[in-house]
Amino acid sequence: MTTSTQQTVLTEQEIACLRAIDQGQSQPADDPMLAALAAKGMVDLSHGSAVLTPAGRHATHVGEPGRVPGIDT
């Protein structure tokens, strides 16, 4: 099973954290929630700060159509 086929439920706190990242609010690098969101494929921590992945961006904009990297960007 790949990470794209695993079903993951996000908590209200995780969604709030994703929205904060989407709005440009910095998060502590050692925040355990960031590690959990990275493990779920919602954020990318390789840039030195938390950046939303396409899945994370879609989770914060549920009513909008998803974007396909490489096609829509």
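Computed over heavy atoms, backbone and side chain alike; hydrogens, waters and symmetry mates excluded. Residue numbers start at 1 and run along the sequence shown.
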ask   = Is there a side-chain contact between Leu52 and Met42 (heavy atoms, below 4.5 Å)?
value = no
Sub-4.5 Å side-chain heavy-atom contact between Leu10 and Leu37 = yes
ask   = Is Ile15 reachable from Val51 through a run of I, L, V, M, F, W or Y residues, each pair having side-chain heavy atoms under 4.5 Å apart?
value = no
Specify the closest pair of heavy atoms between [X] and [Y], including all atoms of both residues, with the distance to one decimal.
X: Leu18; Y: Gly56; answer: CD1-O, 4.4 Å
X: Ala38; Y: Leu45; answer: CB-CD1, 3.8 Å
X: Leu34; Y: Cys17; answer: CD2-SG, 4.1 Å
X: Ala20; Y: Gln27; answer: CB-NE2, 3.4 Å

task = Check whether more than 12 heavy atoms from other residues, nucleotides or ligands sit under 6.0 Å from atom CD of Glu12, and answer yes or no.
result = no
inquiry  = I'd like to check the side-chain contact (heavy atoms from CB on, under 4.5 Å) partners of Ala36; sequence neighbours left out, ordered by chain and number.
reply    = Glu14
ask   = Is a side-chain donor or acceptor of Thr60 paired with a backbone partner of Arg19 at a separation under 3.5 angstrom?
value = no
Check: Gly41 main-chain N/O paired with Thr53 side-chain donor or acceptor under 3.5 Å = yes
